[in-house]
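Scroll down for the structure; my scribbles are underneath it.
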Amino acid sequence: MLTIPALPYPFPFPLARTALIVIDMQRDFLEPGGFGEALGNDVTQLRPSVAPTRALLDAFRARGLPVIHTKEVHRPDLSDCPPSKLNRGGGPLRIGDPGPMGRILVAGEPGSDIIPELAPLAGEIVIEKPGKGAFYATPLADALAELGTSHLIFAGVTTEVCVQTTMREANDRGFECLLVEDATDSYFPAFKAATLAMIRAQGGIVGWTAPSAAVVAALEGH
Ligand code: C5J
């Protein structure tokens, strides 16, 4: 077992059973003209998490450890987008509408791509998900079972929506979860802070948090 100095207490993890999961680092959330901006958000708020996420990717890739990327997308016919999601928001652009990066939040459109800095490498698992949680209506559980994963290191956006939802889903499925504090962002800094606090409250009721430097340092020499 290796250990990451973390909150609320050190996080022990077996290297061979640990995977990095990067949630929804897509152009639709991080670049102007996508879903995030269509909902009225300042997309520059998500930029600080990019470099720390890249550092985690580099560290996991260098050791041949599993990396999983997720993308929030819908089928072109929107058959996997319930009306409750489609009609939410009230902005000028809705899911499926044409925007400057193609149709908003639709699979295969330029806006649905993961940003170039964090683009998946050949062989890395990319999970397309129609919901906020990455386990809902996806093959993620099967992929993790095949890898033999028991511990998940989380990065991605947004902290209180898709990251937290997936972390809670993972908890209920028995995974030990750590969210990397500087490798996640929200359009609302107060929501990010609150999410980190609620994850590690009550003795780590949802899991652990730690900075990327602590995660990378724990991998050094292994
Ligand atoms: C949102 C996400 N915020 N990836 N999606 O709609 O957090």
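One-based numbering, in listed order, for ligands and for the atoms of each.
- Scanning the protein heavy atoms around atom 3 (N) of ligand 1, the nearest turns out to be Thr158 OG1, 3.4 Å.
- Less than 4.0 angstrom separates some heavy atom of Val161 from each of these atoms of ligand 1: 1 (C), 3 (N), 7 (O).
- Proximity of a side-chain donor or acceptor of Arg75 to a complementary backbone N or O of Ala107 within less than 3.5 Å is not detected.
- A distance-only check finds no donor-acceptor pair linking the side chain of Arg168 to the backbone of Val206 [under 3.5 Å].
- Between Ile95 and Cys81, the shortest heavy-atom contact is CD1-SG, 4.1 Å.
- Nearest to atom 5 (N) of ligand 1 among the protein's heavy atoms is Glu72 OE1, 2.9 Å.
- Remark: Lys129 NZ to Thr166 OG1 distance equals 5.5 Å, nearest 0.5 Å.
- The protein heavy atom nearest to atom 6 (O) of ligand 1 is Lys132 NZ, 2.8 Å.
- Close contacts of ligand 1 with Cys162, meaning ligand atoms under 4.0 Å from a residue heavy atom, involve 2 (C), 4 (N), 5 (N), 7 (O).
- The CG atom of Leu219 lies 8.5 Å from the OG1 atom of Thr18; values are rounded to the nearest 0.5 Å.
- Looking from atom 1 (C) of ligand 1 to the surrounding protein, the closest heavy atom is Phe29 CE2, 3.6 Å.
- Close contacts of ligand 1 with Val157, meaning ligand atoms under 4.0 Å from a residue heavy atom, involve 2 (C), 4 (N), 7 (O).
- Listed for the Asp97 side chain is a donor-acceptor partner under 3.5 Å among the backbone atoms of Arg94.
- Residue-level proximity to ligand 1 for Val163 is absent, since no heavy atom of it falls below 4.0 angstrom.
- Formation of a donor-acceptor pair under 3.5 Å by the Glu176 side chain with backbone atoms of Leu152 is not found in this model.
- The part of Asp24 lying near ligand 1 is the side chain, judged by heavy-atom distances below 4.0 Å.
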